[in-house]
Amino acid sequence: MLKQILEATRLDPAFCAEALRVPLRDFQDWLDQKQPLPRYVVAELCNILGVDPSKLTSRVAASNAAMIAPAVWFKLRDERLKDADRRTVALIRRLGYAVSQFERISEGQGSAAWTALSQAVLGRVDRSAPPADQGQNAAIAFRAALGLDHGQTGIGEILRPLLRRRGLLLIESPISKSGLEGCTFAVGTRDFERPCVFVNTFRSTWFRRNEIILHEVCHAIFDLANDQVSLDFRESPDEVEDFAEVRARFFAQNVLVPKSVLVHCQNRLGLKWHELTAENIARLIAETHAEQRTVLKAALAAGLIDEPLFESYLKLDCASHLKGLSERALMTHEFLSKLPQQKREEIAFLNRARKTSLGRSDLRLPISHVQRVLTAVGNQEISPRKGAELLLMDPFVFEERFRDLLPERAA
Amino acid sequence: MTTPAETTQIPRFLILDTSILLPLIATDLLKTILQGTYDAFRVASVVHPAVKGEAEFHLSRNRKFLGRQEQLNKAFKKGAVSVLERSFLERWHSRAAADALLDQIDQKGERLNAWVDRGEAYSHAASMVLQVPIVTGDQRAVRVLIKACEPVPRPVLRFWDLVVLGFQCGWLDANACDKVRQRLREIGERLPPWLQHQSFQDGLCEFYPRLVSASHPVVGSPQPVEALDQDPRLVLGPCEDAE
């Protein structure tokens, strides 16, 4: 059955063998059922493929793809996805397994914190209401649950750590030449399952990604129970939004830019909504941490501007103003050039530290995960080679990269 | 430190981890040491299947070990090292008992994998379940498991315990051992403190071997050097039918 499942996922055996750190010959023997699948790879492989162990080791062949494709991979057969997208999802699923494993022995949040947050939001939403209303009410409940309802400033800088502390696995990493903007699926072992949100950083701005993250968070709260994966592609003008997409869009917009935040910005910056300049809009972007279109849509929804103003403000080019107002608008080299030498070196180290790769697929690991693993290695709670496993790294690469941080070997 | 006791209960086999296999291969000692240990003392060397796979994986992709895959294949073919599977354990146990032991090893290995990497986890699991010594190059993993209150069987043997045994038994001379040291340095492996700034011959007096031959003059430090040296060391006597 493994062979059929693998064919259904469209993952390459060579990639899977490398992901499991086993020789391709061995993996091929398991696929061809020349050798039984050994127990030491079952848990990890099940997590990557999203199947139950009993199905993986079954010798009964299924008659068609619909019967055997694990739910998460079934949807990933979407023709808009490339092999690079699927490999990235597989890598992320492996990372999810590593995070769950690590949380068994460390004091991680586990899935309880996320479940509590989800329930706090779901409990405040009338599921029979229109999607825009659901999204808006869910946003209010979400901000309240995270203690964001008192502040009236942008939440972009605190969003990621807040979500991670609630047990969400958030990965932002580039997949070049991919139309995928973001996706959500569950990862981890049965008792340590949590939602994973992936955001493609390729040709994307930090402001845009704040919205994508929240869009996917909405899917994680509402849709993951029934739909193993949600996929969001770069906007296609012909695409008709379904119910879940409309809800997620309103959720993201209202979490990021509720009316109260716009009014606060208006008062603080002395804005006149009927005569905004490019610089004014740039300031709004810098303050709300949302991209131009989202800010203006929020202003339109809040009744602060009308449709003609929305259209004309959308055409204003704010990019040059924004660079002077927010570091987040700078290109990496522009940002680094402003920093003192020591800080540049620290950032360079962190960027190197968090990069891992498998074959042709790269992944940028969450910094918090990297730091927790390195701390655990330093405290001798886990071995360095275990640290390498948890960071999806070759142990020799890990040893070389973090040599100065590792405990001394004994004789 | 006081002189620890010695044990002459000769194990049937030693469990080898990837962190031992790879440096043995890189220094061309696989056959000399493992075949020598079996020929002289009838102590076999065995690896868990996870370790076999891991070693083959690294041999095929790591520049340090390029061109050395064949060494490992030959060692398995000629029996210098065996794989821990049912047929191996059936030498001493019934099929049902062998399966039960392998099942226990799998369960324990899965648990230990929370703290140490996969190959190390299953190697230590096998060592614990079968109550045989492990030979590992990852002493940091040993410290982690001891800190996690896992019952790691002692003594825990190291790469240099094997090399020094080879030196003690005359399979390797001081020059050959020093070449091992140099080779490890060339491939970027960290050397223990007693070898970092001096030759093998000069540093040997600072190393307390945990694995010794009863029928050859003792070498190395007469007193324990590290904390784990306090455990009874393994003394191998000659087998009656040894070559």
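Per chain, numbering begins at 1; letters A, B, ... match sequence-line order.
- We find that B/Glu110 and A/Arg39 are joined by a salt bridge, their nearest charged nitrogen and carboxylate oxygen being less than 4.0 Å apart.
- Between B/Val116 and A/Arg385, every side-chain heavy-atom pair lies at or beyond the 4.5 Å cut-off.
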(message) Before you tell me yes or no, could you show the steps for A/Phe27 and B/Phe57 under ring pair (Phe, Tyr, Trp, His ring centres under 6.0 Å), namely the whole-Å CA-CA distance, both residues' side-chain angles and the distance that decides it to 0.1 Å?
(response) CA-CA 11 Å; A/Phe27 192 78; B/Phe57 179 74; over 10 Å; no
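- For B/Gln69, no part lies near chain A; criterion is any non-hydrogen pair under 4.5 Å.
- When heavy atoms are compared at a cutoff of 4.5 Å, A/Phe396 approaches chain B solely by way of its side chain, counted from C-beta outward.
- Side chain of B/Lys147 to main chain of A/Asn379: a donor-acceptor pair is present (N/O by atom type, distance under 3.5 Å, no hydrogens or angles).
- Scanning both residues, A/Asp394 and B/Asn62, for their nearest heavy atoms gives OD1-ND2, 4.4 Å.
- Under the 4.0 Å criterion applied to side-chain N and carboxylate O atoms, B/Lys64 and A/Glu399 are not assigned as salt-bridge partners.
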Using a 3.5 Å cut-off and no angle test, enumerate the donor-acceptor pairs between side-chain atoms of residues 120-127 of chain B and protein atoms at least two apart in sequence or in another chain.
residue  : atom : partner  : partner atom : Å
B/Glu120 : OE1  : B/Thr136 : OG1          : 3.3
B/Glu120 : OE2  : B/His124 : NE2          : 3.1
B/Glu120 : OE2  : B/Thr136 : OG1          : 2.7
B/Ser123 : OG   : B/Asp17  : OD1          : 3.4
B/Ser123 : OG   : B/Gly119 : O            : 2.8
B/Ser127 : OG   : B/Val132 : O            : 2.6

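- Looking at B/Arg118, its side chain does come within 3.5 Å of a backbone N or O of A/Leu20 through a donor-acceptor pair.
- Looking only at distances, a side-chain donor or acceptor of A/Lys386 sits under 3.5 Å from a matching main-chain atom of B/Asn113.
- Only the side chain of A/Glu44 comes within contact range of chain B, with at least one heavy atom under 4.5 Å from a heavy atom of that chain.
- Looking at A/Pro23, the atoms closer than 4.5 Å to chain B (heavy atoms on both sides) sit in the backbone and in the side chain alike.
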